[in-house]
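So the structure is just underneath, and the comments pick up after that.
Proteins get letters first, then strands, A, B, ... in listed order; numbering begins at 1 in each.
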Amino acid sequence: MLRITLPDGSSREVPEGSTLQDVAAEIGSRLAKQAVAGKINGRPADLAALVADGDRVEILTLTSDAGLEVYRHTAAHLMAHAVKDLFGDAIQVTIGPSIENGFYYDFYSPHHAFSPEDFERIEGRMQELVDADLPIVRDEVRRDQAVELFRSLGEEYKVQLIEELTEPVVSLYRQGDFVDLCRGPHLPRTGLIKAFKLTSVAGAYWRGDEKNAMLQRIYATAFPDNKQLRTHLARIEEARKRDHRRIGRELDLFSFNEEAGAGLVIWHPRGALLRTLLEDFERREHLRRGYDLVLGPQILKTELWQTSGHYDNYRENMYFTEVDGQSYGIKPMNCLSHMLIYKSHMRSYRDLPLRYFELGTVHRHEKSGVLHGLLRVRGFTQDDAHILCTPEQLDGEIKGVLAFVQDIMGIFGFEYEVEISTRPEKSIGTNQDWELATNALMGALKDSGLEFVINDGDGAFYGPKIDIKLKDALDRKWQCATIQCDFTLPERFDLNYIGADGEKHRPVMLHRVILGAIERFIGVLIEHFAGNFPLWISPVQAIIVNVTDNQAGYAEQVFHYLRDAGVRVEKDLRNEKLGFKIREAQMAKIPYMLVVGDNEMQSGTVAPRYRNGKNLDPMSAADFVQHVQDECSRYH
RNA sequence: GCCCACAUAGCUCAGUCGGUAGAGCGCAUCCUUGGUAAGGAUGAGGUCACCGGUUCAAAUCCGGUUGUGGGCUCCA
């Protein structure tokens, strides 16, 4: 007998030669049925794997992420099998991992571009392979044998993968006549895959390197049953409805125009108002926290961009213009004028920290393929600040920014993830600088009690950084706030201050944004609220709707009263039925509809209806102003 | 930038085999004065993204450009 340990700490005896499947059966018939794979001493393994005396054993089911991952990875093999059956030697298989909510498989297919029309055939073949219930068998062979095998199959990408492995023995998984190099584990039979769907096809570079061949990636998803699959697809459909590009058009917030140029936002009245409200909010919040408002020009001489290093490192992304033989660079970042402001005086340590804040509009020539609604544009406005301080002040300044970020995200109710990126291979600055800055960033995060992940070697070449990523409706993460230490600019611009010792010292610089780019932030904001903005930031807070023409004069009076009182109000006095006007206002997601009929006119009131359909008791216009003010102040 | 797809009225879309353009919504006018998510009638709107090619004939086929979408790479 063998003695094994289970995750709950209990131990169990099983006969010699037992597999994970046997162990599962030993524990319970239901577990045996639900098992998809397992772990032996923490390492993932097939159900067919043998257990040994003293092993720590865990059974994975579809209720765990790890189990679902195995399930989807097996589904990826199933899809590759089907594609190989249908397209044969014309294609080569490469890799196919499971991902969040699904999986993909990359194929090298130089002669056939997969299209959604192929999906049905591929799904059909997958179903046949499921129905055939093929056993999935693990096979371990020497590396050279594996190379030989895949070479004979014409699978050059697999050959390349194996040749780069260091292990003397590699594992293969076979199902029917399909064989794939794979670490595993996998489900024991193809018949266990229940619900899957191919979702999209896209190009992807081999190994994610743009110098390599372009492969074709088929995205798909798989769930334990059809109900869960349908739920997932419905959720994606729901998310599409809150796509900021769609809502932006429906609410008439902004547009793009082919004649104006790609990635250049055109703000319509309501969108421009929303943006202005955000910007006003930002100015207030920055002034409260000891920032100075500054403004720099849109274009600066090219020589200055050479001094800063942007010309050497960022030229590809910049727009240039030349007048009277003088070349200017249109600013892609706001730091330059901030450096010049610092340099405009002799600085004492008593002046520090200096916090220069600018809602700075920048232009960057982003690659055409990356543009995406408001979330990735070529012209945008950052809520940018550069903090110049002494090394001793660095820690406190970083904490101040983190607290700022938390305040603001709390006001909007955003979910976010925090990442810290450390020194990359190609970088400048001394080890001492990097250590100081990295420790300061990490220490501040720890002290702030924020959870974070470390991206080793992912920092900017000029310094480490903290990134805060918001999630959009489709669960994609978008970087908004970022805090970056910068060693180059104080150096390049020879910034200094006179310390208490009477000597010149180099200040430390922090570059930071809170919302990031206003455009991107609004994009995420739209999706977050599905266009139902909180009252304090709604471009239109209320709309007056009259029941008949009879109240038009009274409605006008109320309208002017509210507008004078600072309420962002519109009026709909058209000759339409009340229900029709309510419906339109509702679809425009306007928070309050103020109904005025004969009753209200006689009593000098309005009858507010909230966009969730609830009615408030009729109140005077003055009371409504108070009501709006109260609601706005509750939100921030 | 790369791969694939797409571009028809303000919006959402139909348009068969290449034979000269259609719907709903919206808009305008008129009727209707109606109390909380669509009242009715009539009408106007399109160089089928742009440029070129094939053809007797192009929204339709081919090439290019621009823009858009899904990804990859890159990034706020």
Below 6.0 angstrom between ring centroids: does that apply to A:H365 and A:Y319? yes
Can you figure out which of B:rU73, B:rG70, B:rU36 approaches the side chain of A:R609 most closely? B:rU36
Donor-acceptor check, side chain of A:E600 to backbone of A:Y554, threshold 3.5 angstrom: yes or no? no
Quick test: give all pairs of protein nitrogen or oxygen and nucleotides 63-66 of chain B nitrogen or oxygen below 3.5 Å, distance rounded to 0.1 Å.
unit_1: B:rU66; atom_1: O2'; unit_2: A:E258; atom_2: OE2; d: 3.3
unit_1: B:rU66; atom_1: O2; unit_2: A:E258; atom_2: OE2; d: 2.9

Please lay out, stage by stage, how A:E584 and A:K581 fare under the test salt bridge (Lys or Arg N to Asp or Glu O under 4.0 Å). CA-CA 5 Å; A:E584 283 205 349; A:K581 294 200 271 194; over 6 Å; no
Look at the side chain of A:Q586 and the base of B:rA38, then say whether one donor and one acceptor between them are separated by less than 3.5 Å. no
Determine whether the aromatic ring centres of A:H528 and A:F412 lie less than 6.0 Å apart. no
Rounded to whole Å, the NZ-P distance (A:K581 to B:rU36) equals 13 Å
Expressed in angstrom and rounded to an integer, what is the separation of A:D209 atom CG from B:rG1 atom C1'? 13 Å
Let me have RNA chain B in dot-bracket notation, would you? Count Watson-Crick plus G-U wobble pairs, both distances under 3.5 Å, and use [ ] for pairs crossing earlier ones and | for inter-strand partners. (((((((..((((.....[..)))).(((((.......))))).....(((((..]....))))))))))))....
Pick base, sugar-phosphate or nothing for A:N599, based on heavy-atom distances below 4.0 Å to the nucleic acid. base
Can you find a donor-acceptor pair, distance only, under 3.5 Å between A:N550 side chain and B:rU33 base? no
Any donor-acceptor N/O pair under 3.5 Å between B:rG35 base and A:E600 side chain: yes
Are there any protein N/O atoms within less than 3.5 Å of an N/O atom in nucleotides 39-43 of chain B, and if so, which ones and at what distance?
none

In whole angstroms, how far is the P atom of B:rU36 from the CD1 atom of A:I543? 17 Å
At less than 3.5 Å, do the side-chain atoms of A:R217 and the base atoms of B:rC4 form a donor-acceptor pair? no
Please say whether the positively charged group of A:R270, taken as NZ for Lys or CZ for Arg, lies over the ring of A:F254, i.e. under 6.0 angstrom from the six-membered ring centre and within 45 degrees of the axis. no
N-glycosidic conformation, B:rG45 - syn within 90 degrees of 0, else anti: syn
Does B:rG70 have its OP1 or OP2 closer than 4.0 Å to a side-chain nitrogen or oxygen of A:H372? yes
Taking OH from A:Y219 and P from B:rC72, how many angstroms apart are they, rounded to a whole number? 4 Å
